Number of protein chains: 2
Amino acid sequence: MYADHFSLENIPFGIASGVSHPEKSVVTRFENDVIFLAVLAKAGFLPELTQETRKTFSENTINAFAALPKSEHRAARSAIQKLLANFADDLPQHARVPMSDVNVHLPIFINNFTDFSCSRDHVLNASEAVFGKRELPPGFDHFPVGYTARASSIVVSGTGVRRPMGQFRDGHKVVFGGTKKLDYELEVACVIGKGSNLGEPVNIKNADDHIFGLVLLNDWSARDIQSLEMNPLGPLNGKSFATTISPWVITLDALAPFKAPQPPRNPKIEIATYLKDPEPNSTYDIELSASIGNATIADEICKSNFSNLYWTLRDLVAQQTANGCNLVTGDILATGTISGSIDESHGCLMEHAGRGGVEIKTETGGSIKKTWLEDGDTVRLTGIAGPGVGFGDCVGTILSHH
Amino acid sequence: MYADHFSLENIPFGIASGVSHPEKSVVTRFENDVIFLAVLAKAGFLPELTQETRKTFSENTINAFAALPKSEHRAARSAIQKLLANFADDLPQHARVPMSDVNVHLPIFINNFTDFSCSRDHVLNASEAVFGKRELPPGFDHFPVGYTARASSIVVSGTGVRRPMGQFRDGHKVVFGGTKKLDYELEVACVIGKGSNLGEPVNIKNADDHIFGLVLLNDWSARDIQSLEMNPLGPLNGKSFATTISPWVITLDALAPFKAPQPPRNPKIEIATYLKDPEPNSTYDIELSASIGNATIADEICKSNFSNLYWTLRDLVAQQTANGCNLVTGDILATGTISGSIDESHGCLMEHAGRGGVEIKTETGGSIKKTWLEDGDTVRLTGIAGPGVGFGDCVGTILSHH
């Protein structure tokens with residue numbers, strides 16, 4: 001599946017293992033196959049790369065590779081492209097393995113995870129769903145508002161998601177039990193390559209130097225647990241039970257042909273200097289979608305676009321470090337739910353809750369209204385930037401609570 | 001300083017290096033000296049310990065040691081106590097080095113950091129300072145409310161703290177600049193030893209199995225930045241610029257003689273089962289203090305006690321994992337500001353702001369009112385559980401913004 005997302009123009013990075021490769025190591029994906037880069041490096045292919053770079057391919061996360069200078073990431077991508085273009089059928093034994101014969105793993109060791117709230121539409125829709133009025137948070141127009149999120153419970157696509165237990169209001173009572181309002185959130189995150197020093201903000205013009213690449217992210221949310229706990233310190237147990245990311249980190253170089261301008265800013269607000277981006281095309285045109293399926297239903301419930309976001313990934317790097325906070329290789333900065341301006345582009349179920357849920361087609365040709373996720377539901381996020389350059393998918397199935 | 005905190009009854013764990021030990025390694029502290037445990041282990045002392053345990057003493061963080069079973073921590077503490085009691089003057093060369101000849105470092109690699117809000121007095125005082133009324137957050141009586149905090153910017157005591165830049169309200173305008181409302185927060189945190197699995201809540205009766213030990217923690221806060229950003233997702237840039245912890249992790253075994261009952265709970269609230277602790281003495285009697293000093297002032301501004309907290313560290317372990325979130329060795333769960341019921345026990349400056357600041361004695365015998373921290377101010381937190389068992393101090397000096 002998604003073979004067309006992984007052409008020679010993509011060359012993402014990830015981690016895989018399999019019968020022929022019992023130890024996890026760094027791989028790329030080409031069409032429906034996985035290419036084990038350490039096998040190539042050891043067989044003397046990729047001679048353009050430094051020995052240090054080739055050594056990183058044997059690690060069990062991509063962190064060491066991601067920490068290298070951009071020039072080495074570019075050299076690796078272009079050497080792999082050349083090799084696959086010319087010698088795809090003459091690779092050493094076990095270098096190229098069908099996706100069906102490997103397991104893909106969490107690609108990065110994630111040190112820190114911040115989730116921002118970059119979508120104006122999502123924030124207005126969420127405000128309407130929760131408070132009955134379309135209102136922005138006080139900081140929204142001034143900077144990307146966000147919160148630190150839990151890194152330990154980030155899992156790779158395909159991992160089951162256990163319905164969390166927690167405390168929430170049931171009528172006037174506070175009860176403890178499995179969440180009754182389980183939601184997904186369609187997001188994208190950047191993975192930090194080069195870190196930064198404590199006390200030294202990253203200038204927005206250099207933000208891309210620190211972004212290794214992008215993944216899809218599903219920020220599973222228990223709305224009832226979240227609602228009781230988040231005043232005033234923000235969400236904790238309503239989110240920290242699981243977050244799913246896609247296994248392939250798509251580099252900024254692969255996404256470069258799909259650069260797009262950010263949407264216009266509120267003209268009444270003078271943007272702070274540290275958020276004034278000299279780059280006119282500071283975001284990317286990436287089509288995103290979400291679908292829900294189970295034994296009886298299977299339907300796309302959201303079509304959105306990354307370029308809808310009011311704040312860009314470059315803004316997030318500037319915002320995260322403006323106070324001197326340091327970035328570490330493997331950090332994740334996520335966008336928050338990516339919604340568009342119409343009902344069909346709502347990136348989570350909460351935005352549909354006011355109208356009784358989202359309409360989903362059933363296998364038998366009818367339709368049902370879905371308010372919240374049920375046990376057995378599979379949520380699948382996808383993203384594609386253009387011909388041959390996509391993210392594959394980011395999938396999770398809800399398991400019943402213990 | 002603080003030699004009396006580090007008797008044979010303490011035996012904390014930390015990380016140090018020095019001229020005779022250029023590489024960081026695991027140490028304990030005895031009075032005013034540091035004991036390099038790998039030197040002892042290599043010289044054949046501590047034969048009671050397994051080879052695996054002795055190997056962890058050569059690591060540059062205490063994580064590998066902290067991840068071992070409690071029985072090994074106990075064996076190590078008791079072997080070190082016996083050795084120092086009987087052979088303190090016959091240790092191998094360079095095993096025992098004066099504090100003045102070493103540098104102490106961040107003792108742990110911190111994977112995840114959650115900061116809770118366990119002090120009823122602090123929450124009521126903060127509510128009064130910010131909203132003009134003494135009101136608890138909706139979740140407060142039901143569970144420990146908290147937020148995920150930034151792990152990357154945690155520094156060890158003695159590290160300078162750069163005044164953060166950020167956006168905040170100045171009259172009706174939002175401006176960007178160095179914070180004008182820099183505050184400290186007197187906190188304690190537990191360091192997680194044994195981790196837990198995703199999807200498997202830790203039963204509160206087993207919480208201590210996961211707590212390796214305790215440190216002092218100063219949660220530096222820029223109140224103006226925090227105030228604009230924290231609705232609705234909680235604090236981010238107002239806190240993420242720096243958090244200071246003390247260098248010595250005090251084990252639960254050292255604190256055991258100072259166990260104390262938790263304060264009574266609100267009788268109107270039925271506590272959820274997962275927070276019903278069968279242990280009657282579920283917290284510790286630890287005297288805490290904070291002082292502020294600079295070229296002209298030096299004064300204790302807060303005297304508080306750990307046992308004041310409405311929620312215990314055992315509650316925090318249960319709360320963090322109730323939704324299936326996993327713990328990782330080296331995680332930190334902090335208490336939030338530890339205030340008592342009187343003015344002299346306010347654990348941060350914000351609680352004094354409504355009355356124009358806290359009164360501080362000057363070196364010349366007068367006094368001034370201090371509202372917020374100024375460049376050059378040094379904040380020193382201390383904690384002592386009882387004779388011979390203390391935390392030393394947790395110190396940071398404010399540096400001007402760039």
Side-chain angles (χ1 to χ4, degrees), chain A residues 111-115 117 137-139 142-143 145-153 155 162 164-167 169 174-176 179 195 198-201 222 225 228-242 269 272-274 319-320 322-328 331 399 401-402, chain B residues 111-115 117 137-139 142-143 145-153 155 160 162 164-167 174-176 179 195 198-201 222 225 228-242 269 272-274 319-320 322-328 331 399 401-402:
Chain A
N111 273 285
N112 302 278
F113 168 23
T114 311
D115 202 1
S117 179
H142 297 279
F143 54 86
V145 173
Y147 67 100
T148 308
R150 184 78 185 179
S152 74
S153 51
V155 296
R162 178 86 46 204
M165 305 285 285
Q167 296 197 47
R169 279 191 206 287
V174 172
V175 299
F176 176 68
T179 175
L198 192 63
E200 298 178 12
I225 298 172
L228 179 59
E229 76 187 354
M230 73 186 290
N231 171 0
L233 297 176
L236 182 64
N237 281 33
K239 302 260 194 185
S240 64
F241 57 95
I269 303 288
T273 314
Y274 77 96
Q319 179 65 22
Q320 180 81 61
N323 65 349
C325 180
N326 54 330
L327 297 173
V328 181
D331 285 357
L399 311 176
H401 67 72
H402 282 301
Chain B
N111 274 287
N112 303 277
F113 169 23
T114 311
D115 202 1
S117 180
H142 298 279
F143 53 85
V145 173
Y147 67 101
T148 308
R150 184 78 183 180
S152 74
S153 51
V155 296
R162 177 88 44 207
M165 306 284 285
Q167 296 197 47
V174 171
V175 299
F176 176 66
T179 174
L198 191 63
E200 298 178 11
I225 298 172
L228 179 59
E229 75 186 353
M230 74 186 287
N231 173 357
L233 297 177
L236 182 63
N237 282 34
K239 303 259 194 186
S240 64
F241 56 95
I269 303 288
T273 313
Y274 76 97
Q319 179 64 21
Q320 180 81 60
N323 65 348
C325 180
N326 54 330
L327 297 173
V328 180
D331 284 359
L399 311 175
H401 65 73
H402 282 301

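Note that the structure is predicted; figures quoted are calculated from it, not measured. Note that these values count all heavy atoms, side chains included, but never hydrogens, waters or copies made by symmetry. Naming: A, B, ... by sequence-line order, numbering from 1 per chain.
At least one side-chain heavy atom of B:Leu228 sits less than 4.5 Å from a side-chain heavy atom of A:Phe143.
Only the side chain of A:Val155 comes within contact range of chain B, judged by heavy atoms closer than 4.5 Å. Residue contact with chain B, scored on non-hydrogen atoms closer than 4.5 Å, is absent for A:Thr179. Only the side chain of B:Leu198 comes within less than 4.5 Å of a heavy atom of chain A; its backbone N, CA, C and O stay farther away. Heavy atoms of B:Thr273 lying under 4.5 Å from chain A are absent altogether. Contacts between A:Ala149 and chain B at a heavy-atom distance below 4.5 Å involve the backbone alone (N, CA, C, O).
Proximity of a side-chain donor or acceptor of A:Ser152 to a complementary backbone N or O of B:Asn326 within less than 3.5 Å is detected. A:Gln320 contributes no side-chain N or O that, together with a main-chain N or O of A:Leu327, makes up a donor-acceptor pair within less than 3.5 Å.
Ranked by non-hydrogen atom pairs under 4.5 Å with chain A, the options B:Met230, B:Gln167, B:Glu229 are led by B:Gln167. Comparing A:Ala322, A:Gly324, A:Ala222 by how many heavy-atom pairs each has under 4.5 Å with chain B, the most go to A:Ala322. No other option in B:Asn111, B:Leu236, B:Asn237 has as many heavy-atom pairs under 4.5 Å with chain A as B:Asn237. When each of A:Gly146, A:Gly139, A:Ala242 is scored by its heavy-atom pairs under 4.5 Å with chain B, the top score falls to A:Gly146. In terms of heavy-atom pairs under 4.5 Å with chain A, the best-connected choice from B:Gln319, B:Met165, B:Arg150 is B:Arg150. With respect to chain B, the highest number of heavy-atom pairs below 4.5 Å among A:Ser117, A:Pro137, A:Ser153, A:Pro138 belongs to A:Pro138.
B:Ile225 approaches B:Pro164 most closely through the heavy-atom pair CD1-O, 4.3 Å.
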